[in-house]
Number of protein chains: 2
Amino acid sequence: MVVDDLSDADLDRLFQAFADATRRDIVTRVTAGESSVSGLAEHYAMSFAAVQKHVAVLERASLVTKERRGREQIVRAHHYGLQRARRLLDEYETIWRQRADRIADILAEDRKRVPS
Amino acid sequence: MVVDDLSDADLDRLFQAFADATRRDIVTRVTAGESSVSGLAEHYAMSFAAVQKHVAVLERASLVTKERRGREQIVRAHHYGLQRARRLLDEYETIWRQRADRIADILAEDRKRVPS
DNA sequence: ATCATCTACAACCATTTGGTTGTAGAATAA
DNA sequence: TTATTCTACAACCAAATGGTTGTAGATGAT
């Protein structure tokens, strides 16, 4: 049962977004609670513009959303992006596990046929 | 309960490795069954050297292993890298879900106090 | 009205990335 | 031995990435 319908480009953006420690930290923060871009920027030893770019990357990957509130831009976690990434890795792991089980079965057969 | 102990650089490599469609396809293939590097290269419209590089990226990310067999280099899936990535995303999702539940509770409280 | 704050975005720079071609070594086949 | 196959790796290139500074527009506070 496939629930995801993400293009290669979508997946590229999704995993690329996770491939940076600052961005993973931003995801953690806004997952714990919303924050303005400048609020986020305080926590990192880089310029506001750099943080702004990181947020933009996360937004393009559908991992966060931005919403204006007064003069601030509020960043929130976007659940579904996260869920999709996890499900994809789940699929890989399921395939792997099935194969591992099959190998285990074959080994078990061997043991029956050639008892020590 | 934290089972993972991956540095930022480890995670960078891990997600970076997934951030390319060719590499994800290689992971899928070798997850279904081992293959030589040249065997993999047949499936892609790029040079052998390019595929070789992709395999090297996956190897550095601990997603596959290489082993010499005669003149071939056999590529296999390495389960643990995959598992670690999935668990990390699980953690994010758990945090998010807890927060979503908390918000739902607060809304439920509101409904009790201010019945329509 | 003025000032401070928050954001947007352009221009620039160094490094990394994803590809190429070319050369060379090791293992197998004839 | 010689030829073929598979791999390793260097050198190169264009484009993307992750950072910077600088300028300008909106919004809120005094």
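Every chain is numbered from 1 and lettered A, B, ... according to where its sequence line falls, protein lines coming before strand lines.
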Testing D:dT7, D:dG18, C:dT7 for proximity to the side chain of A:Gln16, the answer is D:dG18

Residue pair B:Arg71/A:Glu72 against DNA chain C: nearer the 5' end by closest nucleotide is A:Glu72

Quick one: A:Lys53 NZ to C:dC9 C1', roughly how many Å, whole number?
10 Å

Between B:Arg68 and A:Val51, who's closer to the 5' end of DNA chain D by nearest nucleotide?
B:Arg68

Length of the line joining A:Tyr44:OH and D:dG18:C1', which is rounded to integer Å:
15 Å

Trace of the salt bridge (Lys or Arg N to Asp or Glu O under 4.0 Å) decision for A:Arg87 with A:Asp90:
CA-CA 5 Å; A:Arg87 279 184 187 156; A:Asp90 262 341; over 6 Å; no

Check: B:Ser7/B:Asp10 side-chain N/O donor and acceptor closer than 3.5 Å
yes

When rounded to whole Å, the CG to P distance for the pair A:Leu40 and C:dC6 reads 13 Å

Strictly below 4.0 Å: does B:Lys66 bring a side-chain N or O up to OP1 or OP2 of D:dA8?
yes

Nearest whole angstrom, please: distance from the P of C:dT17 to the CZ of B:Phe15.
16 Å

Flag, side chain of B:Arg23 to backbone of B:Gln16, donor-acceptor distance under 3.5 Å:
yes

Identify whether any heavy atom of A:Ser47 sits under 4.0 Å from a base atom; if not, whether one sits that close to sugar-phosphate; answer base, sugar-phosphate or nothing.
base

Hey, is the side chain of B:Ser36 poking within less than 4.0 Å of OP1 or OP2 on D:dC6, counting only N and O atoms?
no

Of the listed nucleotides (D:dT20, D:dG18, C:dT20), which one gets closest to any side-chain atom of A:Ala49?
D:dT20

Counting only side-chain N and O atoms of A:Gln52, is one of them less than 4.0 Å from OP1 or OP2 of C:dC9?
no

Rounded to whole Å, CD of B:Glu67 lies from P of D:dA8 at a distance of 13 Å

Using atom CE of B:Met46 as one end and atom C1' of C:dT20 as the other, report the distance to the nearest whole Å.
12 Å

Quick one, A:Arg24 with B:Asp8, criterion side-chain contact (heavy atoms from CB on, under 4.5 Å). Give me CA distance, side-chain angles, the key distance, then yes/no.
CA-CA 9 Å; A:Arg24 287 193 299 273; B:Asp8 278 350; 3.9 Å; yes

With rounding to the nearest 0.5 Å, note down the distance linking CD in A:Gln73 to CD in A:Glu59.
7.5 Å

Nearest-Å distance, CG (A:Leu58) to C1' (D:dT17)?
14 Å

Looking at every strand, decide which applies to A:Arg23 at a 4.0 Å heavy-atom threshold: base, sugar-phosphate, or nothing.
sugar-phosphate

What is the distance, rounded to the nearest whole Å, between atom CG of A:Asp12 and atom C1' of D:dT17?
14 Å

For B:Thr22, which contact category applies under a 4.0 Å heavy-atom criterion: base, sugar-phosphate, or nothing?
nothing

